[in-house]
Amino acid sequence: MTTANKITLARIALIPFFIWFAMQGTPQGDIIALVLFCVASVTDFLDGYVARKYNQVTDFGKFVDPLADKLLVTAALILFVERGLFAAWMVFVILAREFIITSLRNVAAAKGQVMAAAWSGKVKTCVQIASVIGLFLFSIVTGMGTALPAIFAQICAWAATLVTIYSGYDYMHRNWALVAEGATKPKN
């Protein structure tokens, strides 16, 4: 197993610990959860860097890396829905985008095509990570008795949702021919 893939698997292994500390509902638990989330987020950039620099790009990594990202962000968003800091419909929109793009990638792969990563997808990931960090900071300072305006939490939620919507649109727009072909051409 390559070093890059081990880094990705380490990110997945951090998720249960992240969830456990976040579920404590205390400022101390949130601080530890935030640190774990940040470490896991850094591994997202690190595994890609290692894979490219040391020629360790593998099919396993192409599958597991985006899965790890989605698991980590989804875990955080569901926790924030439970806390009332993120609307459930927003999480649905974010997850719907992920399912749609993953399905589109599967269709492309079945046709021997590769759907290249778009810049908007990278921006989406960064904004989602920044939003989760912002929401944790909001929870931590609020839990410690310091008031941070609730509008801050709303800005984080809306930023993640709107950038995700744009990214989904961008991928669909760039790959519309693939979608249209599948809708009009019967499979033999």
Side-chain angles (χ1 to χ4, degrees), residues 1-2 4-23 33-52 56-83 85-110 114-136 156-172 174-175 178-179:
M1 178 165 298
T2 67
N5 288 339
K6 288 177 184 175
I7 294 169
T8 303
L9 291 176
R11 179 162 71 254
I12 292 172
L14 286 174
I15 295 171
F17 298 100
F18 159 73
I19 293 170
W20 190 84
F21 282 106
M23 298 272 307
L34 175 58
V35 169
L36 290 172
F37 184 85
C38 289
V39 168
S41 296
V42 168
T43 67
D44 181 25
F45 300 104
L46 182 62
D47 63 8
Y49 172 78
V50 169
R52 286 184 297 278
Q56 295 182 358
V57 176
T58 64
D59 288 339
F60 178 79
K62 289 177 189 177
F63 167 72
V64 175
D65 180 61
L67 177 64
D69 299 341
K70 288 165 185 43
L71 291 172
L72 179 64
V73 171
T74 300
L77 296 180
I78 290 170
L79 289 164
F80 289 127
V81 167
E82 188 173 288
R83 294 181 183 190
L85 294 176
F86 214 100
W89 72 265
M90 290 176 163
V91 174
F92 173 78
V93 167
I94 290 169
L95 291 177
R97 181 261 183 219
E98 301 304 339
F99 288 134
I100 290 166
I101 301 307
T102 299
S103 297
L104 190 56
R105 285 186 188 280
N106 290 339
V107 170
V114 175
M115 226 173 83
W119 180 250
S120 63
K122 295 179 187 312
V123 171
K124 175 220 41 136
T125 299
C126 290
V127 170
Q128 286 178 348
I129 288 169
S131 295
V132 168
I133 291 169
L135 287 165
F136 266 114
C156 291
W158 277 102
T161 305
L162 292 175
V163 171
T164 300
I165 290 169
Y166 175 75
S167 172
Y169 164 79
D170 185 39
Y171 273 92
M172 291 299 289
R174 289 172 184 261
N175 297 284
L178 183 64
V179 174

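Of the candidates L34, L14, L46, L14 is the only one forming a side-chain contact (heavy atoms from CB on, under 4.5 Å) with V39.
A search for side chain to side chain donor-acceptor pair (under 3.5 Å) contacts involving T74 returns nothing, not counting sequence neighbours. Scored by the side chain to side chain contact (heavy atoms under 4.5 Å, CB included) test, A13 finds no partners at all (sequence neighbours excluded). For V42, the side chain to side chain contact (heavy atoms under 4.5 Å, CB included) test picks out no residue, with sequence neighbours left out. A search for side chain to side chain contact (heavy atoms under 4.5 Å, CB included) contacts involving W20 returns Q24, not counting sequence neighbours.
A donor-acceptor contact shorter than 3.5 Å links the side chain of Q56 to the backbone of A4. Side chain of R105 to backbone of I101: no donor-acceptor contact under 3.5 angstrom is found. D65 places no side-chain N or O within 3.5 Å of a backbone atom of G61 that could act as its donor or acceptor partner. Side chain of T102 to backbone of F99: no donor-acceptor contact under 3.5 angstrom is found. Using modelled atom types, no side-chain atom of S167 and backbone atom of V163 make a donor-acceptor pair closer than 3.5 Å. Judged by distance alone, the side chain of Y171 and the main-chain N or O of A118 form a donor-acceptor pair under 3.5 Å.
Rounding to the nearest 0.5 angstrom, the gap separating the CZ atom in R52 from the CG atom in D47 is 8.5 Å. Taken from CG in D69 to CG in D44, the straight-line distance is 4.0 Å, to the nearest 0.5 Å. Considering CZ of R97 and NZ of K70, their distance stands at 6.5 Å, rounded to 0.5 Å. With rounding to the nearest 0.5 angstrom, the CZ atom of F18 is 5.5 Å from the CG atom of L79. Between the CD1 atom of I165 and the CE atom of M90 there is a distance of 8.5 Å, given to the nearest 0.5 Å. L72 contributes atom CG, which lies 11.0 Å from atom CG of L67 (distance to the nearest 0.5 angstrom).
Within the 4.5 Å cutoff, side-chain heavy atoms of F86 are placed close to those of T161.
Within 6.0 Å of CH2 in W119 there are 12 or fewer heavy atoms belonging to other residues, nucleotides or ligands. Remark: M23 CE is loosely packed, at most 12 non-hydrogen atoms of other residues, nucleotides or ligands lying under 6.0 Å away.
Heavy-atom minimum distance, A108 versus L178: CB-CD2, 3.5 Å. Heavy atoms only, all atoms of each residue included: A68 and T8 are closest at CB-CG2, 4.1 Å. Residues A75 and I15 share a closest heavy-atom pair of CB-CG2, 4.2 Å.
Pairs engaging residues 120-131 under the salt bridge (Lys or Arg N to Asp or Glu O under 4.0 Å) rule: E98-K124 [sequence neighbours left out].
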Evaluate side-chain contact (heavy atoms from CB on, under 4.5 Å) for F60 paired with L9, printing each intermediate quantity in order.
CA-CA 11 Å; F60 178 79; L9 291 176; 4.1 Å; yes
All N/O donor-acceptor pairs, side-chain side in residues 127-135, below 3.5 Å, sequence neighbours left out:
{"residue": "Q128", "atom": "NE2", "partner": "T164", "partner atom": "OG1", "Å": "2.9"}
{"residue": "S131", "atom": "OG", "partner": "V127", "partner atom": "O", "Å": "2.9"}
{"residue": "S131", "atom": "OG", "partner": "C156", "partner atom": "O", "Å": "2.9"}

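Between F37 and F136, the two ring planes are tilted [angle within 30° to 60°].
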